[in-house]
Amino acid sequence: MPRSDLTLALVGSGGDGVITMGDMIAQAGASEGLNVIKVEAYGPQIRGGESSTTVRVSGDEIFAQADFVDILVVFAWKDFARFKSEIMVAPNAIIFSEAKDETEVDGADLGAGPEATWIKVPFIELAKEAAGTTLAKNIVTLGLVSELFSLPQEPIRKAIVNKFSKKKAKVLEANLKGFAAGIEFAKGLDTDLSDWRLEYTPGEPKLLMSGNEAAAVGAIHAGCRFFSGYPITPSSEVLHFLSQWMPMVGGSVVQTEDELAAIGGVLGASFAGVKAMTATSGPGLALMTEMLGLASMAELPAVIFDVQRGGPSTGLPTKSEQSDLWQALYGSHGDAPRVVLAPADVEDCFHTVVDAFNIAEEYQIPVIVLSDQNIAQRSETLSMLTLSHEVKERVTPAAGELEDYKRYKETPTGVSPMTWPGIEGGQYQTNGLEHDEYGKPTSMFLVHEKMNAKRYRKLRPIRDEFHFIRRYGPDDADVGILCWGSSKGPVKEAVQRANARGEKVAAFVPQVLYPFPKHEFEEFLKEIKEFIVIELSYSAQFYKYLRTFLELPEGHTNIVKRSGGKNLTVHEVEEEIKKALPQASTKREVLV
Amino acid sequence: MPRSDLTLALVGSGGDGVITMGDMIAQAGASEGLNVIKVEAYGPQIRGGESSTTVRVSGDEIFAQADFVDILVVFAWKDFARFKSEIMVAPNAIIFSEAKDETEVDGADLGAGPEATWIKVPFIELAKEAAGTTLAKNIVTLGLVSELFSLPQEPIRKAIVNKFSKKKAKVLEANLKGFAAGIEFAKGLDTDLSDWRLEYTPGEPKLLMSGNEAAAVGAIHAGCRFFSGYPITPSSEVLHFLSQWMPMVGGSVVQTEDELAAIGGVLGASFAGVKAMTATSGPGLALMTEMLGLASMAELPAVIFDVQRGGPSTGLPTKSEQSDLWQALYGSHGDAPRVVLAPADVEDCFHTVVDAFNIAEEYQIPVIVLSDQNIAQRSETLSMLTLSHEVKERVTPAAGELEDYKRYKETPTGVSPMTWPGIEGGQYQTNGLEHDEYGKPTSMFLVHEKMNAKRYRKLRPIRDEFHFIRRYGPDDADVGILCWGSSKGPVKEAVQRANARGEKVAAFVPQVLYPFPKHEFEEFLKEIKEFIVIELSYSAQFYKYLRTFLELPEGHTNIVKRSGGKNLTVHEVEEEIKKALPQASTKREVLV
Amino acid sequence: MSATETVFKPGSYKTDLKPVWCPGCGDFGVLNALYRAMAKLQLEPWNTVVLSGIGCSSRLPGYVATYGFNSVHGRGLTLATGVKISRPDTTVIVVGGDGDGMAIGGNHLMHTCRRNLDVTYILMDNEIYGLTKGQTAPTTPTGDKTKSSFWGNPEPAVDPVELAIATGATFVARGYSGDMKMLTELIQRGIEHHGFSFINVLSPCVTWRGETQYGIIKEKLRSVPEDHDVTSREAAMRFTREKDVVTEGVLYEVHEPTFGDQLEAIRKKAQGGKPEPSTKEILKTFYPTL
Amino acid sequence: MSATETVFKPGSYKTDLKPVWCPGCGDFGVLNALYRAMAKLQLEPWNTVVLSGIGCSSRLPGYVATYGFNSVHGRGLTLATGVKISRPDTTVIVVGGDGDGMAIGGNHLMHTCRRNLDVTYILMDNEIYGLTKGQTAPTTPTGDKTKSSFWGNPEPAVDPVELAIATGATFVARGYSGDMKMLTELIQRGIEHHGFSFINVLSPCVTWRGETQYGIIKEKLRSVPEDHDVTSREAAMRFTREKDVVTEGVLYEVHEPTFGDQLEAIRKKAQGGKPEPSTKEILKTFYPTL
Ligand SMILES: Cc1ncc(C[n+]2csc(CCOP(=O)(O)OP(=O)(O)O)c2C)c(N)n1
Ligand SMILES: Cc1ncc(C[n+]2csc(CCOP(=O)(O)OP(=O)(O)O)c2C)c(N)n1
Ligand code: SF4
Ligand code: SF4
Ligand SMILES: [Mg+2]
Ligand SMILES: [Mg+2]
């Protein structure tokens with residue numbers, strides 16, 4: 001029976017072209033309206049080392065990488081070793097490998113069961129014969145897998161034509177021959193793989209974007225016209241994209257000497273009345289925390305896009321983790337209010353960035369958007385329709401407000417009229433010192449207390465106005481799961497599977513972490529019987545943060561936390577649900 | 001009836017010599033074995049602006065500045081304005097002011113009641129007449145107050161001789177005349193102030209030190225031989241002191257270009273096997289957080305002495321606050337374990353720094369000592385006897401451990417054998433990347449999880465070994481107060497007063513904040529009925545931190561928090577006790 | 001009164017905040033020279049931004065009635081970059097101390113010089129950390145005893161002028177806060193210069209370096225020779241690391257594209273005369289191009 | 001085998017960690033030259049420390065069997081200061097990339113030059129950010145297109161040699177990773193130099209700047225003229241901002257007291273031949289002196 005959802009993993013080393021291969025499958029899928037999620041991984045070698053690409057294509061909605069790979073292609077087993085714990089195949093997977101490679105492989109190591117199908121393919125030979133170069137191995141593979149598993153073959157062929165049409169005609173021709181050879185080889189195979197064919201109804205083409213790209217587009221959409229940043233994995237694509245597009249919309253990109261200058265540039269531009277953003281990762285955010293406090297104190301709008309990776313220190317720079325949370329919430333000296341948002345998928349990256357600008361500009365407060373490597377660097381299909389979002393502009397003070405102008409005037413919301421250079425009569429002198437309503441420095445306790453209160457007062461209206469929350473599953477769930485960021489994908493999928501089994505499981509995913517949507521969450525808590533909180537942080541940063549202001553159900557709270565470095569799997573979530581369900585059925589009282 | 005405890009405040013502007021005057025009273029008191037606490041305060045002017053000094057001298061133990069000033073001397077009321085909310089006099093205070101100053105003063109503004117005594121003194125005239133210069137006003141004042149209130153007059157005279165003996169004989173003579181004139185004037189006063197005389201039994205001289213000085217001596221005592229730092233108020237005295245003394249004990253002080261270099265220097269020296277420290281305040285600590293993560297990851301001993309001031313941003317650089325706590329606990333990316341200690345008085349500054357080195361060296365972990373401006377810059381009398389503390393040395397690996405040397409070997413305590421340059425055969429290559437037991441970089445999830453666990457495992461033995469806690473009041477208290485840092489002084493004093501009234505009030509003051517002495521605190525909680533947590537942080541950082549791992553008594557927890565900028569007063573604590581006591585008597589069940 | 005009719009006098013730029021500086025501090029001279037230069041140029045307060053880091057000297061923006069920002073230690077130039085690049089029509093002036101600009105902020109100084117950002121930077125050099133009460137600065141002479149160098153400063157001093165020239169500033173001058181006329185002119189010329197103008201001002205700290213500083217500087221002070229070729233890097237370098245003299249005046253001035261010019265050229269190239277793409281148009285580029 | 005009998009060969013300094021560098025990367029040449037220089041000097045691995053920041057180049061300490069520390073981006077020199085000052089008998093070598101040393105780490109470079117810290121700093125200059133996959137570096141030529149400069153780099157490039165000379169390095173050399181013999185000699189001389197030795201090594205990134213870099217450099221390469229006066233700052237400056245040639249060799253070398261020398265002198269002065277005071281003796285100074 002053909003299937004609607006298929007995951008392929010391709011493993012090789014530099015020059016094997018596995019990344020190109022993944023791209024082409026993803027592009028072809030997207031052009032056919034399929035849902036695609038593609039991730040890449042690399043060994044420590046900068047170039048020429050091991051690399052892998054994993055593509056999930058599906059006719060149904062998908063929310064994460066699959067836990068298990070259905071189809072694995074390995075050009076050399078020694079390259080695979082690097083990914084052993086990262087790429088697990090399904091027990092009944094189809095495993096293709098280079099015929100010449102005689103490495104002994106223990107299927108159990110990969111997750112393969114006795115029911116797995118092992119197929120040796122003379123990739124090198126086929127490529128050499130058909131295309132005259134072993135470089136065409138990947139194109140041969142595309143022919144093979146597209147034929148065997150009914151991947152969109154015509155679009156893949158077009159992708160090949162596209163890629164090589166800029167080169168000499170001979171090169172294109174050779175590659176098309178390689179493609180054909182792969183198809184031919186597939187046709188000649190006598191193993192029946194028809195159960196593995198992908199069945200889908202073609203639809204409108206979809207966009208294919210990474211989280212970092214979506215964030216960058218979000219910034220431009222929100223009206224950001226100044227970006228300063230310092231490259232750092234896994235956030236650099238934001239800088240790359242904006243270096244191209246920002247000038248086209250009339251804005252500026254400055255690659256600064258370090259992260260201190262990056263946040264400084266943002267605060268300067270913002271002070272000057274221009275929407276501004278920076279992007280970084282944990283180590284860079286650490287360097288920015290001093291000036292984040294300045295943004296809180298001088299009440300400057302600022303958007304800091306932070307893509308989390310494994311820590312501490314340089315840590316695991318290419319892997320995902322959810323351990324920048326504390327630093328984002330608490331990483332400044334003094335009582336320095338800020339807002340923390342967190343996208344949970346690629347599309348969210350667009351929306352949270354626009355929200356971040358809206359909040360920053362309306363409330364004159366720094367907003368940190370905590371993305372993570374998982375959603376930042378994976379490619380995902382999106383519909384154009386979902387990518388629109390209302391944009392708010394900074395409000396110029398009314399004329400009357402400029403008489404005896406108080407930049408930090410006390411107001412019920414804590415928000416004061418803000419001018420910027422160019423506005424005649426709006427001049428003011430600000431600073432990072434404690435100051436009075438005019439901005440004049442003071443060290444008086446009473447002013448300090450009043451101004452602290454003013455700055456924190458903004459958080460309440462922000463909470464009331466912005467509640468970007470996702471909720472899955474039935475209202476009267478037995479088990480309720482709370483998670484954030486990229487953990488959403490596997491959690492949502494696990495919840496849907498559980499619901500399909502008739503299990504009453506629900507999930508709550510806040511995209512606004514601070515100020516936390518407390519009301520909504522407490523409503524959620526009331527309904528459920530057993531509570532699970534899931535995160536990828538060894539020290540359980542999210543759980544501990546929740547405890548600072550929430551009463552979590554005593555005896556019914558299951559803390560699921562581990563280090564990052566490996567993305568959360570649906571299986572892990574399902575295991576937790578399995579453990580929690582019986583607890584829920586034995587205890588009937590409502591929580592909280 | 002004479003008294004054993006007296007607080008004087010002296011207010012003037014640059015050139016009035018109020019700081020000298022305070023010094024002399026403090027020195028004289030210390031030399032007579034009195035207990036002294038002296039604080040200074042300044043207006044924003046760098047020099048020549050308003051200044052004040054407040055000295056408390058007492059025959060009894062004292063723990064903080066007094067809430068109210070008994071004797072106020074004001075040379076010019078316009079200077080006093082700056083300190084209005086900081087210096088409050090007792091309702092029955094004696095207030096001396098310059099006879100020539102005709103400013104109308106509303107006593108209520110200062111806290112004075114109708115029972116206050118107002119005395120105009122022709123300071124200027126007396127000084128000019130007796131010493132030939134108005135500059136001697138302060139010396140005249142010393143004569144006056146020492147005579148009227150029985151302050152140690154002979155030692156004060158010696159202090160004057162000391163100060164002016166290096167100058168021309170005429171100058172000394174003139175000042176001694178001024179002193180005599182002050183005494184004379186006092187004798188001629190017809191107001192009876194005998195109730196305000198200080199009565200005490202002279203004792204052995206005491207040391208007079210600030211918290212920063214005590215910390216610096218503690219560092220040398222602990223064996224610190226490398227200090228790198230960047231000046232910042234209110235921590236610079238540590239740098240100043242060490243710049244003098246460190247070379248005398250064979251060590252080095254480097255004033256770096258910034259705080260990034262300061263912490264870098266510390267990590268380098270520590271890697272090289274030399275005990276090392278830096279000192280800073282909130283903004284500097286913010287800049288150090290990236291490299292704090294490196295210390296966690298590379299498992300390097302490091303002591304970071306942070307003196308808190310008002311925040312956020314530049315904030316209130318000369319005022320105390322307790323708002324660097326979150327940054328100290330959480331201000332790094334990734335899961336980065338560290339230890340946080342907090343001295344609660346000047347003496348503690350010595351001990352916590354030695355403990356910090358002991359913990360850092362034994363457990364190869366960064367230790368942050370959170371002092372605050374209040375204890376850092378006040379002068380306090382200490383006994384030599386209390387200033388000793390056991391010192392631990394870094395352990396060299398046993399010979400066997402160097403075969404197949406694993407720098408990050410897994411052990412039950414998480415502590416691995418550590419070598420340093422100069423040790424033959426101990427060479428290893430380390431980094432801030434996740435690494436295996438040998439220190440080799442890896443991005444494998446399983447290693448990451450294992451190593452996170454190893455690094456965090458250290459916290460448990462640290463908690464078991466180090467429990468520097470102070471506890472005051474009866475075991476079976478009705479009301480229990482938790483506080484940290486300089487808040488201890490007023491809390492302890494309030495508890496003693498309450499106990500003297502027969503009220504069952506106790507206090508718990510941990511000097512180890514992380515890992516928190518949970519057992520001991522839970523024991524404390526068990527005994528009490530009503531719980532108060534007190535801190536100077538607008539966003540209640542300490543209270544929220546406690547919530548992350550403790551169940552605080554529901555319905556019996558009183559959160560007392562406010563911004564810093566003004567030190568906690570005994571009165572504030574007493575008010576809270578007054579509110580809490582009736583709650584405790586109505587509810588009899590034991591908490592937790 | 002509309003903008004065009006206004007005549008700005010030096011006093012027009014005063015705010016009602018009283019300087020916290022010590023009586024006799026060199027920074028008063030810098031502030032006054034700045035007021036005068038601004039008046040000479042008739043700078044519109046609402047189109048002028050004065051920024052700084054932290055230090056005694058960095059308090060200056062509070063005393064100038066333009067848009068002003070006394071930011072955090074060492075980072076004045078980073079904020080100035082954001083201001084000038086995002087709002088190129090404003091006149092941007094940055095001030096700070098030797099510690100602010102050469103110690104903690106040294107990296108930003110170096111890179112802002114290199115980029116030739118069109119702002120004027122006034123480094124108020126008092127050879128000491130004033131605000132924090134007298135520690136060694138990068139310009140403190142070797143051997144001098146300070147609060148943080150009990151046994152004498154072990155480090156050689158930086159010459160800010162040398163650093164500015166070597167790292168690419170296109171206008172480099174040395175001034176003295178005691179020479180109001182010259183300083184006013186230097187600031188005026190610095191603001192007029194299209195590109196990064198760096199003005200190293202000797203501005204004595206009477207409190208931590210003593211009143212004698214004025215005398216010491218006056219003794220050594222001389223003007224830049226008439227025949228000095230300001231366009232020669234080599235010639236300008238001759239006025240660095242001076243020992244027995246202090247040369248005042250414009251030491252170096254060349255014309256190079258500014259950072260803003262370069263970014264503007266990029267915008268032109270990128271837009272190619274076409275209107276700004278909409279979000280939708282940008283998104284469309286993410287459709288597979290098969 | 002005791003230390004004195006050992007003979008170290010270049011291979012003795014190899015660890016069993018395989019370099020992550022791309023085939024053809026210039027950094028291999030630097031590593032090999034370093035091994036050779038170390039063997040020539042018979043450096044004892046246990047008395048040698050190699051430090052770095054973050055970058056492709058900064059991976060180097062992992063491949064040298066001494067004490068090694070691949071620290072965090074830009075901070076190699078700060079750690080080196082702690083190592084060298086606290087343990088003056090060790091030989092300290094610091095390596096890093098152009099981004100690491102001149103962008104985020106620029107301030108430390110400048111101040112370490114100034115202090116004349118007795119360490120050897122090898123800046124592996126590939127005109128790009130290698131590890132993060134090809135963004136503009138401070139040494140990337142103006143106009144070059146990189147991942148982060150889609151429309152071409154808007155900034156002028158720094159000349160690391162100029163900066164090092166201007167900020168006080170006492171030994172400044174330029175080398176090329178393709179000239180092993182010369183580079184070995186430069187590193188050896190740098191280590192032997194008492195003071196801060198700065199070696200700017202052109203070390204091509206074949207992945208992000210292309211294989212052609214080798215050809216371009218070779219074409220321009222020339223040795224420092226025989227008659228060059230290495231003690232002249234002015235003469236050395238002539239080899240900076242070169243366009244058509246690349247001059248290899250020792251460009252500048254003078255002898256000045258090192259930072260360590262200065263601190264040692266302070267210790268001598270402070271101790272005045274007296275024994276170290278005990279804690280009690282220090283505390284006693286806090287008794288009132290009336
Ligand atoms: C991150 C940080 N580190 C340190 C300080 C403390 N600090 C304030 S001003 C200053 C130096 C002042 O010297 P300078 O820049 O020369 O200015 P001046 O006061 O001499 O005009 C220092 C170290 C700070 N505010 N922030
Ligand atoms: C604080 C911080 N910011 C950014 C990064 C990301 N980063 C790692 S290496 C690098 C630059 C690499 O370039 P370079 O120093 O020239 O070394 P190369 O790889 O070219 O040898 C950057 C930006 C980081 N690790 N830490
Ligand atoms: S301390 Fe020095 S620099 Fe600061 S205001 Fe006073 S004289 Fe000026
Ligand atoms: S990316 Fe460039 S610098 Fe890095 S290893 Fe490869 S060739 Fe060398
Ligand atoms: Mg200064
Ligand atoms: Mg590089």
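Each chain gets a letter, A, B and so on, in the order the sequences are listed, and its residues count up from 1. Since this is a predicted model, take the numbers as computed values, not measurements.
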Side chain, backbone, both or neither: which part of A/Thr419 has a non-hydrogen atom closer than 4.5 Å to chain C?
both
In terms of heavy-atom pairs under 4.5 Å with chain A, which of C/Ala80, C/Ser86, C/Ala65, C/Gly76 leads?
C/Ser86
Quick one: are C/Arg115 and A/Glu257 in side-chain contact, heavy atoms under 4.5 Å?
yes
Nearest 0.5 Å, what's the CG-OG1 distance between A/Leu208 and C/Thr289?
10.5 Å
Side chain C/Tyr67, main chain A/Phe271, donor-acceptor under 3.5 Å:
no
Is there a side-chain contact between A/Leu387 and C/Thr279, using heavy atoms and a 4.5 Å cut-off?
no
Counting heavy-atom pairs under 4.5 Å with chain A, the top scorer among C/Lys274, C/Glu276, C/Met110, C/His73 is C/Glu276
Over all atoms of both residues, closest heavy-atom pair of C/Arg59 and A/Pro441
NH1-CG, 3.7 Å
To the nearest 0.5 Å, what is the distance between CE (A/Met248) and CD1 (C/Ile282)?
7.5 Å
Considering only heavy atoms, which portion of A/Val161 lies under 4.5 Å from any heavy atom of chain C: side chain, backbone, both, or neither?
neither
Side-chain heavy-atom pair A/Thr430, C/Asn70 within 4.5 angstrom cut-off
no
A/Asp258 vs C/His108 side-chain heavy atoms within contact, under 4.5 Å:
yes
Which atoms form the tightest heavy-atom contact between C/Gln271 and A/Gly250, and what is the distance?
NE2-N, 3.3 Å
Distance (rounded to the nearest 0.5 Å) between A/Gln27 CD and C/Tyr287 OH:
13.5 Å
Using only atom types and a distance under 3.5 Å, with no angle test, would you say the side chain of C/Arg75 pairs donor to acceptor with the backbone of A/Gly264?
no
Which of the residues A/Gly425, A/Gly273, A/Gly265 is involved in the greatest number of heavy-atom pairs with chain C at under 4.5 angstrom?
A/Gly265
Answer with side chain, backbone, both or neither: which region of A/Phe350 has an atom nearer than 4.5 Å to a non-hydrogen atom of chain C?
side chain
Quick check for you: to the nearest 0.5 Å, what is the distance between A/Ile220 atom CD1 and C/Ser278 atom OG?
11.0 Å
How close do A/Ala298 and C/Phe69 get, counting heavy atoms only, and between which atoms?
CB-CZ, 3.9 Å
If you tally heavy-atom pairs under 4.5 Å between each of A/Pro155, A/Ser228, A/Gly432 and chain C, the highest tally belongs to A/Pro155
Measure from the side-chain N and O atoms of C/Arg87 to the backbone N and O of A/Ala269, and report whether any donor-acceptor pair falls under 3.5 Å.
no
Would you say C/Arg267 and A/Ser252 make side-chain contact, with heavy atoms under 4.5 Å?
yes
Closest approach of C/Leu290 to A/Lys158 (non-hydrogen atoms, all atoms of both residues)
C-CD, 3.8 Å
Among C/Thr81, C/Leu17, C/Thr90, single out the residue with the greatest number of heavy-atom pairs under 4.5 Å to chain A.
C/Leu17
Looking at the rings of C/Phe286 and A/Phe241, which for Trp means the six-membered one, are their centres under 6.0 Å apart?
yes
Looking at side-chain heavy atoms only, is the closest gap between C/Lys284 and A/Met384 below 4.5 Å?
yes
How long is the straight-line distance from CG of C/Leu51 back to CG of A/Leu267, given to the nearest 0.5 Å?
11.0 Å
So how far is it from C/Thr78 OG1 to A/Ile263 CD1, rounded to the nearest 0.5 Å?
9.0 Å
Nearest heavy-atom neighbours spanning A/Trp245 and C/Pro277:
CZ3-CG, 3.9 Å
For C/Thr66 and A/Gln429, the nearest pair of non-hydrogen atoms, with its separation, is O-NE2, 2.8 Å
